[in-house]
Amino acid sequence: MNTPRTHSSKAAALPGARDPFGAHLRHWRTHRRLSQLDLAQEAEVSTRHLSYVETGRAAPSREMVLRLAERLEVPLRERNALLVAAGFAPMYRQRSLDDPAMASARRAIDLVLKGHEPFPALAVDRHWNLVAHNALVPLLMEGCAPELLQAPINVLRLSLHPQGVAPRIANLAQWRTHLLERLQQQIAATGDTVLQALHDELEGYPAPAVSHDAPLLDTALSAVAVPFQVVMPSGVLSFISTITIFGTPVDVTLQELAVESFFPADEQTAAALTALAAQQAKG
């Protein structure tokens, strides 16, 4: 039986490292808004056994832990926590991108970023902290408050902060709504309280008065993507963006990594970025 998957809108605190497996299981089951019957049917176990596992009257096998985690769509980081709580060793590795063992992944990311020039592209971690970027991204950050540019740079905070990029975003109200909705979807999927705190912070920012005239985009483009329109010395640049993630990762760091690539939404933007890249190369 395939029960429609729904997510809660607020992130409840994840169980701690010393909490029993049943507490972790109950957290993810309620976060996904599934009854014990729903989950038992999806995982092909008896409701009685699932109840015993959740209350601590029965210990799950390693296979059972992984099956339940898969059915509950638990992120890899939290699957490790489930395994440890059940008395098993973590299964998914977690290493910094600077680790020599991650050299191939880092080269792949750098290749994607460099290959996207002369258009901006950046990589972020699970909390939207900047991990890497290509040569065009700093041009979009010019004029931002120095404290917002200190590592780790949070790209959502930088985008919406009144002393960040926000005053130069021509369609600020539209872009702000888009980013907050995207962040809320991520919170619903992961249950990450750090992301919830970030969402609450961003939602509390006053919206600066922006008087820039945003150019109209091609109707077909506007129908499929929310544009990002930023004021630069050369005029208003209009972008649409795509998100790239690693398929079927077996490493926590890679699952939580995303590359956002910005494409010009009109010919004026493409020409302006090509000119900026040429100037940058000369300088």
Side-chain angles (χ1 to χ4, degrees), residues 108-144 148-149 152-161 164-190 195 198-199 202 205 210 212 214-232 234-247 254-274 276-277 280:
I109 294 166
D110 290 342
L111 183 65
V112 170
L113 297 179
K114 181 67 178 176
H116 195 62
E117 294 177 359
F119 310 134
L122 51 86
V124 296
D125 65 16
R126 66 185 177 125
H127 291 145
W128 290 89
N129 294 317
L130 188 64
V131 173
H133 60 79
N134 67 11
L136 276 295
V137 171
L139 297 178
L140 301 179
M141 299 180 179
E142 289 181 353
C144 295
L148 295 174
L149 299 176
I153 298 174
N154 186 279
V155 298
L156 295 188
R157 181 178 292 115
L158 185 67
S159 296
L160 299 183
H161 196 284
V165 182
R168 293 191 291 113
I169 299 178
N171 61 330
L172 178 59
Q174 182 186 31
W175 186 247
R176 179 180 182 275
T177 298
H178 166 66
L179 290 187
L180 290 176
E181 287 178 350
R182 213 161 109 183
L183 184 54
Q184 194 60 65
Q185 291 171 359
Q186 188 180 357
I187 292 166
T190 64
L195 290 177
L198 177 62
H199 180 279
L202 301 181
Y205 288 166
V210 177
H212 310 297
L216 295 176
L217 295 183
D218 180 89
T219 304
L221 281 178
S222 301
V224 298
V226 176
F228 172 57
Q229 298 178 294
V230 60
V231 178
M232 299 289 287
S234 57
V236 178
L237 303 186
S238 299
F239 301 93
I240 59 172
S241 68
T242 63
I243 299 289
T244 302
I245 59 173
F246 281 86
L254 292 184
Q255 187 192 52
E256 296 173 346
L257 196 70
V259 174
E260 184 158 17
S261 304
F262 292 87
F263 294 84
D266 54 37
E267 292 182 2
Q268 183 267 332
T269 298
L273 288 170
T274 300
L276 283 171
Q280 196 175 53

side-chain hydrogen bond (donor to acceptor under 3.5 Å, both in side chains) with Gln174: which residues, sequence neighbours excluded?
Asn171
Would you confirm whether Ser238, through its side chain, and Asp266, through its main-chain N or O, come within 3.5 Å as a donor-acceptor pair?
no
Of all the heavy-atom pairs spanning Pro118 and Leu136, show the shortest one and how long it is.
O-CG, 3.2 Å
When you measure from the side chain of Asn154 to the backbone N and O of His127, does any donor-acceptor pair fall under 3.5 Å?
yes
Do Leu183 and Leu156 have side-chain heavy atoms sitting under 4.5 Å apart?
yes
Find the distance between CD (Glu260) and NE2 (His116) and round it off to the nearest 0.5 Å.
9.5 Å
I'd like to know if the side chain of Thr274 reaches the main chain of Ala270, judged simply by a donor and an acceptor atom lying under 3.5 Å from each other, with no hydrogens or angles considered.
yes
For a quick test of reading the model, state the closest non-hydrogen atom pair linking Thr269 to Pro264 and the distance between them.
CG2-CB, 3.8 Å
Gap between atom CD of Glu181 and atom CD of Gln186 - 0.5 Å precision
14.0 Å
Taking the side chain as every heavy atom from C-beta outward, state whether Pro120 and Leu273 have any atom pair closer than 4.5 Å.
yes
Do Leu276 and Leu139 touch side chain to side chain, with heavy atoms closer than 4.5 Å?
yes
When you measure from the side chain of Arg176 to the backbone of Ser159, do you find a donor-acceptor pair of N or O atoms at a distance under 3.5 Å?
no
Is there side-chain contact between Ile153 and Asn129, with at least one heavy-atom pair below 4.5 Å?
no
Tell me whether Arg168 contacts the main-chain N or O of Val230 through its side chain, where contact means a donor paired with an acceptor under 3.5 Å.
no
Before giving the answer on side chain to side chain contact (heavy atoms under 4.5 Å, CB included), spell out for Leu257 and Ile245 the whole-Å C-alpha distance, their side-chain angles and the decisive distance to 0.1 Å.
CA-CA 6 Å; Leu257 196 70; Ile245 59 173; over 6 Å; no
Apply the test side chain to side chain contact (heavy atoms under 4.5 Å, CB included) to residues Leu160 and Leu172: give CA-CA distance (whole Å), side-chain angles for both, the deciding distance (0.1 Å), then the verdict.
CA-CA 8 Å; Leu160 299 183; Leu172 178 59; 4.2 Å; yes
Whether Phe239 and Phe262 hold their rings parallel, tilted or perpendicular, with breakpoints at 30° and 60°
perpendicular
Closest approach of Leu113 and Leu122, non-hydrogen atoms and distance?
CD2-N, 3.6 Å
Does any non-hydrogen side-chain atom of Leu195 lie less than 4.5 Å from one of His199?
no
Gln229/Trp175 under side chain to side chain donor-acceptor pair (under 3.5 Å): CA gap, chis, key distance, verdict
CA-CA 8 Å; Gln229 298 178 294; Trp175 186 247; over 6 Å; no
Do the non-hydrogen side-chain atoms of Trp128 and Leu158 ever get within less than 4.5 Å of each other?
no
Can you check whether Phe228 reaches Ile240 side chain to side chain, under 4.5 Å on heavy atoms?
no
Looking only at heavy atoms, the pair that brings Asn134 and Glu117 closest together is CB-OE2, 3.3 Å
Could you pull out the closest heavy-atom pair between Ala258 and Ile243, with the gap in Å?
CB-CG2, 4.0 Å
Are the side chains of Leu179 and Leu202 in touch, meaning some heavy atoms are under 4.5 Å apart?
no
